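Remember, it's 1-based here, ligands and their atoms both numbered in the order they're listed. Since the structure is predicted, the reported quantities are computational estimates derived from the model, not experimental observations.
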Amino acid sequence: MDLLTLAIETSCDETSVAVIKNGREVLSNIISSQIDTHKRFGGVVPEIASRKHIESINNIIQESLDKADLEFKDIDLVGVTRGPGLVGALLVGISSAKALAYGLNKPLIGVNHIEGHICANYLTHEDLEPPFTCLIVSGGHSYLIHANGYIDYELMGRTRDDAAGEAFDKVARALGIAYPGGPVIDKLSQKGNPQAIDFPRVFLEEGSYDFSFSGLKTAVLNYINGQKQKGKEIVVEDVAASFQAAVLDVLVDKTFRLAKEKGSKKIVIAGGVAANKGLRSMMERRGQDEGIKIFYPSKVLCTDNAAMIGSAAYYNYINGKESELGFTVEPNLSLE
Ligand code: KG4
Ligand code: ZN
């Protein structure tokens with residue numbers, strides 16, 4: 001029998017509600033972005049995010065059901081992001097999900113947002129199954145993991161400072177590009193020379209799967225300031241391409257090293273930065289050379305959305321992980 005999951009995501013600045021069939025098929029995925037409201041502040045303002053979620057959540061739940069041509073009584077399972085994220089923003093989604101689960105008398109699953117990003121791949125690739133090596137790179141997180149099973153992850157590396165997407169956004173800001181600058185850096189890079197400026201590749205200790213991007217970010221800021229002080233021109237496309245190449249060299253190298261160590265024939269990428277064209281093509285080129293297949297979500301499923309939360313809720317549920325109605329937000333939740 002089919003299992004229909006209604007999922008809610010409100011961890012940051014997107015209010016999103018989706019209906020997912022059997023953890024794999026998207027029946028609806030409504031995403032209401034607040035980005036235009038936050039843009040003028042140069043980043044997400046937590047108080048404003050919470051208020052906007054409250055204003056729109058009920059309408060978006062209804063819109064999502066309508067789009068899927070379903071009613072509340074058709075829903076079998078409720079999933080919601082329980083963390084990591086902004087505490088006030090998360091609370092709006094969790095309160096709504098609890099009310100729904102209680103009112104409909106259906107099971108509830110509190111989902112780890114990072115696990116959601118991984119599961120976005122199950123929605124795009126219907127035959128994808130674990131085990132695989134996975135790189136998760138978003139605005140708030142950078143993890144390198146090995147997935148042994150659907151809800152069984154070995155955490156192998158993480159960022160020690162800035163997340164990959166955060167580094168993109170901060171470099172973009174220094175170049176005068178509005179938040180979130182990652183997609184713009186991606187576009188500019190396609191027109192620039194990645195070898196124009198020799199920015200550092202930070203690999204850390206030998207054998208480490210951790211990342212560090214703050215040194216690279218500082219090197220880019222120093223370069224920009226240095227050029228300005230000398231009255232020299234800054235070729236924005238070259239700065240973008242050289243910075244992006246420095247990030248991607250490290251991400252791709254460490255991911256393939258882990259895949260090799262684990263004997264993986266599949267590499268999965270996830271999170272907002274998985275939308276990056278340069279990352280996708282560098283992964284695919286190396287994958288062809290090394291006989292490893294590369295998977296990434298469709299663009300809309302790379303950045304925050306409720307569909308990925310619905311898939312993760314489904315795999316947690318069928319593996320016996322139901323949440324109590326009294327569970328609470330976990331703003332600093334990790335993958336372990
Ligand atoms: O996964 P996500 O929506 O939010 C978090 O859970 O953090 O990721 C958003 C991040 C932002 O930092 C954004 O700049 C970055 O993903 N991003 C990109 C691209 N598209 C989004 N970074 C580089 N290239 C892109 N094409
Ligand atoms: Zn995210």
- Any N/O/S of H117 under 2.8 Å from the Zn ion (ligand 2)? yes
- Item | Whether C12 has an N, O or S atom under 2.8 Å from the Zn ion (ligand 2) | no
Test item, [X] contacting ligand 1 (heavy atom, 4.0 angstrom):
X: E14; answer: no
X: P183; answer: yes
X: H113; answer: yes

- Quick one: do the S189 and Q244 side chains pair a donor with an acceptor below 3.5 Å? yes
- Message: Quick one about R82 and S11 (side-chain donor to acceptor, distance below 3.5 Å, no hydrogens or angles considered), yes or no?
- Response: no
Charged N to carboxylate O under 4.0 angstrom, [X] versus [Y]?
X: K277; Y: D186; answer: no
X: E205; Y: R160; answer: yes
X: E129; Y: K266; answer: no
X: K170; Y: E166; answer: yes

- Query: With a cut-off of under 6.0 Å to the ring centre and 45° to the axis, is R158 in cation-pi contact with Y143?
  - Reply: no
- Message: So if I count the atoms of ligand 1 from 1 in the order they appear, which ones are less than 4.0 Å from some heavy atom of T303?
- Response: 3 (O)
- Query: Of all the atoms in ligand 1, which lie at a distance below 4.0 Å from a heavy atom belonging to G140?
  - Reply: 7 (O)
- Message: For ligand 1 and P180, I'd like to know whether there is a polar contact (N/O to N/O, distance under 3.5 Å).
- Response: no
- Is there a nitrogen or oxygen of G271 sitting under 3.5 Å from a nitrogen or oxygen of ligand 1? no
- Query: Which is closest to atom 16 (O) of ligand 1 in terms of heavy atoms, A164, G272, C12?
  - Reply: G272
- Given that the side chain starts at C-beta and the backbone is N, CA, C, O, which of these parts of D169 lies under 4.0 Å from ligand 1, counting heavy atoms, or is it both or neither? side chain
